[in-house]
Amino acid sequence: MRNKLVAGNWKMHGNLKENAALLEALISNMPKPGNNADYAVCAPFPYLASVQVALQGTCINWGAQNISQYEKGAYTGEVSADMLNDFGCRYVIVGHSERRMLFGETSQIVAEKYAAAQRAGLIPILCVGETLEQRDSDITEQVIDEQLKAVIALTGIESLAKAVIAYEPVWAIGTGKTATPQQAQDIHQFIRKGIASQDKGIAERISILYGGSVKANNAMELFVMPDIDGGLIGGASLVAEDFVAICSAIKS
Ligand code: 13P
């Protein structure tokens with residue numbers, strides 16, 4: 001049975017007080033994992049220390065939203081994999097479309113960040129996905145193929161044994177527009193088949209999450225699809241009740 005994961009991406013939201021309240025509510029109400037399910041929150045860098053203190057020993061893991069591709073050195077403003085390890089991170093999101101589009105991260109840079117995360121024993125959550133324009137031009141598969149190939153070219157297909165992929169159609173992020181379960185399933189299956197053409201075992205085991213306006217009321221219909229192994233949740237991960245409901249949907 002494949003591992004399932006629901007990860008919250010807090011993006012640039014929250015503050016010490018709000019985070020403490022959110023985490024307290026999550027800790028009290030989160031369903032016990034099991035059933036190969038894992039839950040995590042990916043917090044902004046400055047809050048990782050307090051998130052670690054709050055979540056240590058609970059059933060919720062945590063991670064970061066970005067990482068430097070460099071190990072250490074004169075890289076002002078960057079945060080290394082070892083630093084994330086110091087704060088107990090298990091996961092790190094790499095290649096989120098907001099990083100690709102707003103901060104100029106190319107697929108090559110994303111691949112280097114993915115490699116840096118794995119070198120330090122962190123699990124990268126590698127985001128891929130197409131814009132609306134690309135979908136309308138019928139090049140969704142090509143776009144995703146290019147994003148995945150950059151990573152595989154740098155780190156080898158076997159690196160996917162220690163990674164999670166998140167399919168996040170850009171047009172569904174923060175827009176309230178969700179891919180239909182079938183649209184999402186089609187792309188997840190495409191991703192899994194592409195990996196299977198190089199390594200069947202890894203393709204069968206890798207968790208592929210869906211992200212893009214996953215809410216409490218649509219999580220279940222997405223999570224029942226055969227190739228959807230969980231979600232990467234933006235807005236709804238900031239509301240304890242909603243995030244708990246989404247995590248419960250993966251369990252059942
Ligand atoms: P929303 O759930 O707010 O659409 O964000 C999705 C996302 O970008 C998660 O990484």
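Numbering of ligands and ligand atoms starts at 1, following listing order. Only heavy atoms go into these numbers, but all of them, side chains included; no hydrogens, no water, no symmetry mates.
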Short side-chain donor-acceptor distance under 3.5 Å, H96 and E168: yes
Shell of residues surrounding ligand 1, defined by a 4.0 angstrom heavy-atom cut-off that is strict: N9, K11, H96, E168, A172, I173, G174, G212, S213, L232, G234, G235
Selection residues 139-189 - residue pairs positive for ring-ring contact (aromatic ring centres under 6.0 Å, His included), sequence neighbours left out: Y167-H188
Test salt bridge (Lys or Arg N to Asp or Glu O under 4.0 Å) applied to E204 and R192, R2, K193, the passing residue: R2
Reference residue Y39; test side chain to side chain contact (heavy atoms under 4.5 Å, CB included); the match among I250, N61, I246: I250
Reference residue S107; test side-chain hydrogen bond (donor to acceptor under 3.5 Å, both in side chains); the match among Q147, K149, E146: E146
Residues, nucleotides or ligands: over 12 heavy atoms within 6.0 Å of Q198 CD: yes
